[in-house]
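Quick notes on the structure that follows.
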There are 2 protein chains.
Amino acid sequence: MREFRTKARVLLIDDNADHLRGIKELINLESSYDVAGATTSANIGINLAKKYRPDLILMDINMPEKDGLQAIQEIERLDLGIKVIALSGYDDADLIFRAMKIGAKGYILKTMASAQLIRAMDEVTAGKIYMPTALTSRFFEYFQLSFKNETEADTKENLLAYLTAREEEVLDLLTQGNNYKGIAAKLFISETTVKTHVNNIFQKLQVNEKTQAVLYALNNGFANRRRIKLAV
Amino acid sequence: MREFRTKARVLLIDDNADHLRGIKELINLESSYDVAGATTSANIGINLAKKYRPDLILMDINMPEKDGLQAIQEIERLDLGIKVIALSGYDDADLIFRAMKIGAKGYILKTMASAQLIRAMDEVTAGKIYMPTALTSRFFEYFQLSFKNETEADTKENLLAYLTAREEEVLDLLTQGNNYKGIAAKLFISETTVKTHVNNIFQKLQVNEKTQAVLYALNNGFANRRRIKLAV
DNA sequence: CAATTTATCAATCTAAAGATTTAGAACAAA
DNA sequence: TTTGTTCTAAATCTTTAGATTGATAAATTG
């Protein structure tokens, strides 16, 4: 499959010149990829990325001069569709989490076999996100730990459950910053009715002002359920 | 390696009786596992989990009676150290995300080869978290999408930067649900001073009420910076 | 040093929020 | 059918919130 496409062009960024040379040779052995450039400087790497628009970047994230994670973020913000694979010496869960958060398409340890790197390059080139099984496990442990507190908070009774459908609508509009007049207009009801609903909401949530109701809602999974909070 | 340990005990929960039987036979063929129980009811399954304390649970998460995700969450809350692998008919990113969020140790599609299931069971029994490569990619796409808005939001000017130290203090107390009297008491200043600060905050954040200022603060990385928001 | 920013406070408004009581209509459940 | 819940609304009242103007002292900056 790979054989039938144009060779993917790869940019290498690693402050360790020896390692850089090693990867370069490894990739040159692979018929599917061309090394479009190689540099030991993150800043130069970012400029090369802009200039040569490679398909793929292998980025060492443990560099002294400039943080590799920051470099990845800058490249992602350019929005050039360049896929970045993070290379790291450490299987640190926080590093993995942060790299994936900012948009790395893969995360490989330098100690891993070259086959693993090629596998990652193949998958990422094919539009997928790739991470070795061992690191995936590491990532998820960290991920689940982040949610643990929140999940425990869920254990306590959620007063939002007592709200009626209409009260939820009103509260939802409150969490969007509306005042009572605005809510009345949007729901086509009178402002006094809104006040009635709001007072009922206060009773049920055991608060006595708008802002507190909104804060309760946001802290207890209401409204923008699109937003998932990660306590890290 | 597995041969030298006691057989791990597995509880099966799947509303589809045929599928349940299939998995049971599959596991019986595996010398490393014993089926400790099998049921088509999530509720009965939870009770069996309490009673028999299996090492592992294979939980179908697409059940009509009770949501499998909810069942996983209940089992996690029991904190019995039972590892749960989610079985699903769908490779839906949101389902995967939610299952892993609440603590599933693995996620396997029913359509996957039995070897995949055994692999997952082996890994999870060994204390790791396991997800097939294809699903991992799916998960991370969703994960990165969640963070994209936030990253972009960072790009736009953050009006919070214009606040003075005192104004930040006042805003912080606002985001904790205090009214002006409360803030005055906590900062040992008069209520009119609080009002002055609040009015200045409004100017700078370009809003005109307390709740909106609080919402702006929460949506723009103010205060609880421990919390990372995942816009999903 | 002069100018600016920041933090403090008062007084005075208007507008909005919040509490409380009462009540009719629609609807579902017992 | 009766009972209960939900949604609607008005009237009334008290309390906050919010806008505006003006003023002082301290700290900062040019």
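Letters go in sequence order (proteins before strands), and every chain restarts at 1.
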Angle between terminal axes - the helix from C:dC1-D:dG30 to C:dA30-D:dT1, 5 pairs each end, rounded to 10°: 50°
Just how far, in rounded Å, is C1' of C:dG18 from OH of B:Tyr180? 15 Å
A:Leu174 CG to C:dA17 C1': how many Å, rounded? 11 Å
Please verify the inter-ring angle class for A:Phe147 with A:Phe143; under 30° counts as parallel, over 60° as perpendicular, anything in between as tilted. perpendicular
What is the distance, to the nearest angstrom, from the CG atom on B:Leu171 to the P atom on C:dA7? 14 Å
Which residues pass the salt bridge (charged side-chain N to carboxylate O under 4.0 Å, His left out) test with B:Lys204, not counting sequence neighbours? B:Glu167
A:Lys110: which residues meet the salt bridge (charged side-chain N to carboxylate O under 4.0 Å, His left out) condition with it, sequence neighbours left out? A:Asp14, A:Asp60
Is there a side-chain contact between B:Tyr107 and B:Leu95, using heavy atoms and a 4.5 Å cut-off? yes
Can you list the residues that meet the salt bridge (charged side-chain N to carboxylate O under 4.0 Å, His left out) rule with B:Asp18, with sequence neighbours excluded? B:Arg21
Salt bridge B:Glu209-A:Lys210, side-chain N to carboxylate O under 4.0 Å: yes
Hey, is B:Glu74 close enough to B:Arg77 for a salt bridge, meaning N to O under 4.0 Å? no
Backbone of B:Ile183 reached by a side-chain donor or acceptor of B:Asn178 within 3.5 Å: no
Would you kindly compare B:Glu209 and B:Ala165 by the position of their nearest DNA chain C nucleotide and give the one closer to the 5′ end? B:Ala165
May I ask you to say whether B:Glu141 pairs ionically with A:Lys128, meaning some side-chain N is under 4.0 Å from a carboxylate O? no
Say whether B:Thr193 and B:Thr196, considering side chains only, have a donor N or O and an acceptor N or O under 3.5 Å apart. no
Check B:Asp34 with B:Arg9, please: is the shortest side-chain N to carboxylate O separation under 4.0 Å? no
What residues in residues 187-202 of chain A put a non-hydrogen atom under 4.0 Å from any atom of DNA chain C? A:Lys195, A:Asn199, A:Phe202
Here the distance between atom C1' of C:dT6 and atom CG of B:Leu163, to the nearest Å, is 13 Å
Distance in angstrom units between B:Glu169 CD and C:dA7 P, rounded: 9 Å
Could you state the NZ-P distance from B:Lys181 to C:dC9, rounded to the nearest angstrom? 16 Å
Nucleotide range of DNA chain D lying under 4.0 Å from chain A heavy atoms: D:dT6 to D:dA17
